[in-house]
Each structure stands twice: as structure tokens, then as C-alpha cells.
Amino acid sequence: MKASKFYISTFKEAPADAELVSHQLMIRAGLIKKLGSGLYTWMPMGLRVLKKIENIIREEMNQAGAIEILMPAIQPAELWKETGRWDLFGPQMLKISDRHDRSFCFGPTHEEVITDVVRNELNSYKQLPMNFYQIQMKFRDEIRPRFGVMRAREFLMKDAYSFHADMESLKHTYSLMFQAYNAIFTKIGLTFRAVQADNGAIGGDGSHEFHVLAESGEDEIVYDENSDFAANIEVAKNHPNKENLKTCRGIEVGHIFQLGTKYSDAMKATFIDESGKPSPMIMGCYGIGVSRIVAAAIEQNHDDNGIIFPQSISPFEVIITPIGYDKSPLVKKAVDNLYQSLIADGYDVLLDDRGLRPGVMFNEAELLGIPHRVTLSEKTLVENKYEYKNRSASAAVMIANDDLLNHLVS
RNA sequence: CGGGGCGUAGCGCAGCCUGGUAGCGUACAUGCAUGGGGUGCAUGGGGUCGUGAGUUCGAAUCUCACCGUCCCGACCA
């Protein structure tokens with residue numbers, strides 16, 4: 001991508017209403033733009049990050065046997081009345097009416113819709129287990145939206161729902177999802193921890209939260225240095241020797257849950273078992289806050305100069321910052337060649353061909369958090385070298401041209 | 001919803017206390033200079049001062065109401 005053909009809009013100063021570092025940097029780097037409280041436009045640069053996270057999630061979910069669907073954002077009240085949640089869910093649910101004065105909500109979650117789909121589609125134990133997922137905008141009318149996309153009202157979520165003939169099958173899929181989640185957050189490159197969470201419906205080890213560790217995290221998580229035990233603060237209260245537990249803060253980016261038959265009972269989602277009798281499907285659900293991951297990743301990876309994106313989710317992997325691109329035909333030729341060859345090698349490259357001053361380009365590249373920067377100029381041409389700067393390194397280094405690819409593997 | 005801020009140019013702010021024709025920085029446009037870390041100088045365009053009502057000869061400024069937004073607490077990926 002050439003910068004002159006893309007849209008980049010960065011700011012030196014953070015807006016006054018952004019408190020959290022990740023929020024400030026997301027605005028300053030032009031990733032998002034606020035429309036209203038808890039409502040954000042994903043600008044081109046930010047959308048690239050979001051899409052990369054989406055695709056990592058998609059790959060791992062597919063790998064784990066889940067199948068992608070897309071459900072409506074707007075849902076009829078009748079479904080929610082079946083489970084009783086039309087009244088129970090509370091003011092977090094945004095209720096709306098259509099022209100015929102029928103009641104709907106903007107979906108805060110999709111258990112009702114998926115259960116409705118499945119009760120009509122799946123009839124036999126032979127069709128189970130089944131795990132459907134989607135990546136879609138949710139709306140929750142939060143009491144207090146804050147911290148940018150960290151706690152927005154409209155947010156992108158991956159939600160999956162699995163259906164089973166028996167408990168054993170649920171536990172199997174649950175463990176597949178547990179592994180998939182570990183793979184996803186590892187692939188993205190985050191420091192995270194899976195913790196036991198409260199599970200009202202089933203109890204035991206039926207629910208885990210995935211937290212990105214960060215000082216600014218809204219949740220307190222508790223762990224035992226001498227064992228694998230880690231839990232959210234609610235569960236930890238019941239731990240036998242809770243005096244020895246340590247605490248740290250985390251940002252909840254994922255939650256997996258063994259639901260049981262709560263929704264299938266209420267909505268009569270049954271299947272015919274091997275003996276020919278109807279039986280309620282056993283369910284699990286698995287959520288990831290996709291848009292929140294962007295904020296969490298930045299919260300965990302930044303410095304005074306800006307964002308430091310993990311390469312897996314950076315809007316671009318490499319930025320070329322030529323000096324004299326529009327003045328020196330030699331520089332232009334060398335830069336264009338490098339640009340084309342990196343693209344041919346499969347890299348996501350941004351060529352800053354805007355003819356800006358070097359300082360502006362460098363500062364912007366750092367703010368955006370692009371992991372690899374390559375600078376060419378008449379000076380580097382004379383030496384027949386590239387100047388390479390890793391985003392997390394303190395200074396640039398001169399490298400041999402054919403050594404560049406080695407540096408791009410982070 | 002309770003407590004506390006803040007609404008003046010795209011963004012960051014001053015002006016308000018003590019009413020009198022709206023300003024600075026940045027961004028944007030143009031020109032000249034500059035050309036390896038948000039460069040310098042000059043010129044220019046851009047504002048229903050959140051909305052409404054009131055007080056006053058006169059309101060960004062004083063009063064009231066409303067709206068928006070942010071922070072602290074109770075819900076959540």
C-alpha cells in the first residue's frame with residue numbers, strides 16, 4: 001500500500017476526553033473516531049487491525065471445528081420472552097420498535113437466536129455436536145461506557161454456540177475451545193491468562209475467562225504461584241488457602257461457558273436420541289471481545305512514542321520511509337524495487353511516498369506502531385545498505401540489503 | 001442512577017470571576033526558505049461561543065432549565 005493512496009490521519013495531541021493510554025493512542029494514530037458515547041467509527045488504519053484479529057480468530061475457530069454463520073443484529077422480542085430475558089436482561093438491552101409497533105432489541109448476545117435456528121434445523125443426535133460461530137457487532141447500553149473501545153456500547157464480538165447430545169460431548173468441545181482460545185491469544189502475541197470464572201448454571205470447571213494482563217485492567221484476577229490455579233475474584237473467595245494467593249489486573253477478552261440446558265429447556269430445543277426419545281440439547285457458548293482486543297493489545301504494548309503492535313495484528317508489517325523519494329530518481333528506483341519485492345515475498349508493506357520530512361515520517365511510523373521500518377536514502381544507497389529500525393529497538397541499524405528478510409522475522 | 005468536572009475553529013486551550021464587535025497553539029491553504037526525528041518565516045480561510053429561555057441598552061461572560069460528554073461507584077466481552 002502506498003501512503004499517498006491510503007488514508008492516514010494522526011494527531012500530536014490526545015483529545016481531552018481520552019483517559020486510558022490505549023484510547024489516546026488509538027485516537028492519535030487515527031485508528032478510531034468517536035461518534036458518541038461508546039460509539040466509534042473504525043477508520044481505515046484501525047479496521048486493518050480489527051480484520052487481522054478477526055482472521056486469526058476465524059482460522060482457529062475453523063481449525064477447532066466451528067462453523068461460521070451470521071445472525072441478524074435486530075431480534076424480535078418474542079424470542080426473548082420465551083427465555084424470560086426480555087424483562088430480566090435489564091436496561092443494558094436497547095429495545096426498539098418497528099413501523100408496526102412490534103418490539104425488537106439490538107442484540108446484546110445471541111443465545112435466543114441461535115437456539116431458535118437450531119431447534120428448527122437440528123433434530124437428531126446424528127447431527128450433533130454442532131458448533132456455530134459468528135463475528136458481529138453487538139450493542140449493550142452500558143451504564144457507563146468508557147475507555148474508548150475497551151468498554152464501548154457497540155462492539156465487535158466473536159460468539160460461538162455449541163450443541164450436544166450429552167455432557168461428555170460438551171466437555172470435549174469446551175476443551176477444544178479452551179485450546180483454540182489459547183492458540184488465538186498466543187498467535188496474536190498477547191500476555192494473557194485463563195482463569196476460572198463463576199458458572200451459575202453448571203458449576204465446577206464450567207467457565208473460564210481469558211484476561212490480557214495489564215495494570216489498567218478493570219478486573220482483578222487471583223492466582224497461586226505454586227500451582228496452576230488462577231481465578232477471578234469471585235471464584236477465589238472460595239479457595240481453601242486464599243491467604244497465599246497473589247493478585248494482578250486483567251482485561252477480559254474472552255469467556256467460555258458451559259451453559260447446560262438453560263436455553264434449550266426454555267425454548268424447547270430438543271433432539272431425538274438413540275432410543276428415539278426427545279431430549280433437550282446441552283449447550284456451550286464462547287465469546288471473544290474482538291474490538292476490545294485492539295485496546296488491550298495497545299494497553300500492553302506501547303511506549304512514549306506510541307503503539308508497538310505485535311506483528312500479527314499490525315495494520316502493516318513493514319513501513320518504508322524513503323528520504324528523497326520525490327527528488328532522487330536513484331532513491332525512487334531502489335525504493336520501488338524493495339517495495340515490490342517485499343510484496344512479492346508476502347509482506348504487508350506501507351510505502352510512505354508522501355514526500356514528508358523525515359521526522360514526520362519517523363514519528364508517524366512510531367505512533368502507528370508498525371514493527372519494522374526500512375529507510376532508504378542517497379546515503380544508504382552509497383553504502384549499498386538499508387537502515388533498519390525495529391519498533392521496539394531504541395535505535396536504527398545499518399544492515400546489508402540481503403540481510404533484511406532475516407530482520408523481518410520477529 | 002448517585003457524586004464531581006467540562007462544553008469557545010478539525011484537535012488542544014485562553015477569555016468568563018469584574019458584561020462592551022472572539023483570541024492563541026496546532027491542523028488546513030498559499031509563497032519563500034529548508035530537507036535524517038512532528039523545520040522556519042510570512043500571508044490566508046475557517047466560529048449559531050452546546051440548546052432554549054431570562055436579566056440587561058448590550059451576554060461567550062450573570063440566572064434558570066435542558067442536552068451532550070468525561071471521571072469516581074454499582075452491571076458486562
Side-chain angles (χ1 to χ4, degrees), chain A residues 8-20 23-24 27-30 33-39 53 57 88-93 107-110 135-160 181 185 197-198 207-212 217-219 232 234 250-257 285-296 304-306 321-328 331 352 354-368 373 375-380 387 389 394-396 398:
Chain A
I8 299 173
S9 114
T10 62
F11 303 89
K12 287 187 209 172
E13 286 175 304
D17 59 7
E19 182 86 355
L20 221 57
H23 186 193
Q24 293 176 355
I27 301 277
R28 283 190 55 207
K33 193 171 173 61
K34 187 172 87 171
L35 176 64
S37 181
L39 303 172
I53 295 172
I57 292 172
L88 284 176
F89 209 89
Q92 260 200 78
M93 183 156 68
T109 180
H110 279 69
I135 296 175
Q136 189 222 30
M137 281 294 180
K138 298 283 188 281
F139 189 93
R140 293 184 189 173
D141 199 355
E142 291 285 341
I143 293 172
R144 186 150 85 83
R146 59 185 133 169
F147 303 148
V149 299
M150 188 77 83
R151 177 175 302 282
R153 293 195 291 176
E154 191 175 306
F155 60 98
L156 193 65
M157 181 174 175
K158 187 283 298 177
D159 47 327
Y181 274 43
F185 298 122
D198 195 28
S207 179
H208 286 85
E209 292 169 354
F210 287 78
H211 287 263
V212 169
E218 289 189 87
D219 299 298
N232 73 15
E234 302 304 322
I251 300 164
E252 187 185 352
V253 291
H255 196 166
I256 58 178
F257 214 88
C285 72
Y286 319 92
I288 292 182
V290 181
S291 43
R292 177 179 284 182
I293 288 175
V294 181
D304 290 345
N305 296 325
T321 51
I323 296 171
Y325 185 76
D326 51 349
K327 295 277 166 60
S328 160
V331 170
D352 198 338
R354 295 173 296 176
L356 301 175
R357 297 177 67 85
V360 179
M361 283 193 292
F362 295 159
N363 280 309
E364 213 159 69
E366 307 254 305
L367 175 61
L368 289 170
R373 190 185 85 202
T375 300
L376 279 73
S377 68
E378 292 193 317
K379 215 163 71 185
T380 65
E387 179 186 296
K389 165 118 177 26
S394 55
M398 297 300 288

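Numbers restart at 1 for each chain; the letters A, B, ... are given by sequence-line order, proteins then strands. Owing to the predicted nature of the structure, the values given are computational and were not obtained by experimental measurement.
- Stacking of A:R153 on the aromatic ring of A:F139 is not recorded, the 6.0 Å distance cut-off and the 45° axial limit not both being met.
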Between the protein and nucleotides 5-10 of chain B, which nitrogen or oxygen pairs are less than 3.5 angstrom apart?
none

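- When the salt bridge (charged side-chain N to carboxylate O under 4.0 Å, His left out) test is applied to A:R151, the partners found at least two apart in sequence or on another chain are A:E142, A:E218.
- A:T10 comes within contact range of at least one nucleobase, with a heavy-atom separation under 4.0 Å.
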Could you walk me through whether A:F210 and A:H208 satisfy the ring pair (Phe, Tyr, Trp, His ring centres under 6.0 Å) test, starting with their C-alpha distance in whole Å, then the side-chain angles of each, then the deciding distance to 0.1 Å, before giving a yes or no? CA-CA 7 Å; A:F210 287 78; A:H208 286 85; 7.2 Å; no
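- Rounded to an integer number of Å, the gap from CZ of A:R357 to P of B:rG36 is 7 Å.
- For A:E209 and A:N232, the side-chain atoms include at least one donor-acceptor pair closer than 3.5 Å.
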Determine whether A:V149 and A:H23 satisfy the following criterion, side chain to side chain contact (heavy atoms under 4.5 Å, CB included), listing intermediate values before the conclusion. CA-CA 7 Å; A:V149 299; A:H23 186 193; over 6 Å; no
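- The base-pairing partner of B:rU30, taking Watson-Crick or G-U wobble contacts with both distances under 3.5 Å, is B:rA42.
- In the model, A:E364 has a side-chain atom that pairs as donor or acceptor with a side-chain atom of A:T10 under 3.5 Å.
- Using a 4.0 Å heavy-atom distance criterion, A:I27 is classed as making no nucleic acid contact.
- Checking the phosphate oxygens (OP1, OP2) of B:rC70, a side-chain nitrogen or oxygen of A:S37 falls inside 4.0 Å.
- At whole-Å resolution of the value, CD in A:Q24 and C1' in B:rC11 are 13 Å apart.
- Pairing for B:rG2 goes to B:rC72, judged as Watson-Crick or G-U wobble with the two contacts each under 3.5 Å.
- No engagement by A:T109 is indicated, since no non-hydrogen atom pair under 4.0 Å with the nucleic acid exists.
- Contact check for A:D219 versus A:H211: side-chain heavy atoms found under the 4.5 Å cut-off.
- Between A:A14 and A:N363, the residue anchored closer to the 5' end of RNA chain B is A:A14, taking for each the nucleotide with the nearest heavy atom.
- Contacts of A:G355 with the nucleic acid, taken as non-hydrogen atoms under 4.0 Å apart, include base atoms.
- Atoms CG (A:L356) and P (B:rU39) sit 10 Å apart, rounded to a whole Å.
- Look at the P atom in both B:rG50 and B:rG10: the space between them is 13 Å, to the nearest Å.
- The CD-P distance, from A:E364 to B:rU39, rounds to 12 Å in whole Å.
- Whole-Å rounding puts the A:K327 NZ to B:rG36 C1' distance at 14 Å.
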For nucleotides 71-77 of chain B, just jot down a letter per nucleotide in 5' to 3' order: B, S or -, based on protein non-hydrogen atoms under 4.0 Å. BBBBBBB
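- Base pairing of B:rG23: its partner is B:rC13, meeting the Watson-Crick or G-U wobble criterion (both donor-acceptor distances under 3.5 Å).
- Of the candidate nucleotides B:rC11, B:rG36, B:rC70, B:rC11 has the atom lying nearest to any side-chain atom of A:P15.
- Nucleotide B:rG52 forms a pair with B:rC64, judged by Watson-Crick or G-U wobble geometry with both contacts under 3.5 Å.
- For the C1' atoms, the distance linking B:rC57 with B:rU21 amounts to 15 Å, nearest Å.
- Here the separation of B:rG45 from B:rA29, taken at their C1' atoms, is 7 Å to the nearest Å.
- As judged by a 4.0 angstrom heavy-atom cut-off over every strand, A:A18 is placed among residues making no nucleic acid contact.
- Nearest nucleotide to the side chain of A:K34, out of B:rG38, B:rC70, B:rG37: B:rC70.
- Comparing B:rG38, B:rG37, B:rG12 by their closest approach to the side chain of A:E13 singles out B:rG12.
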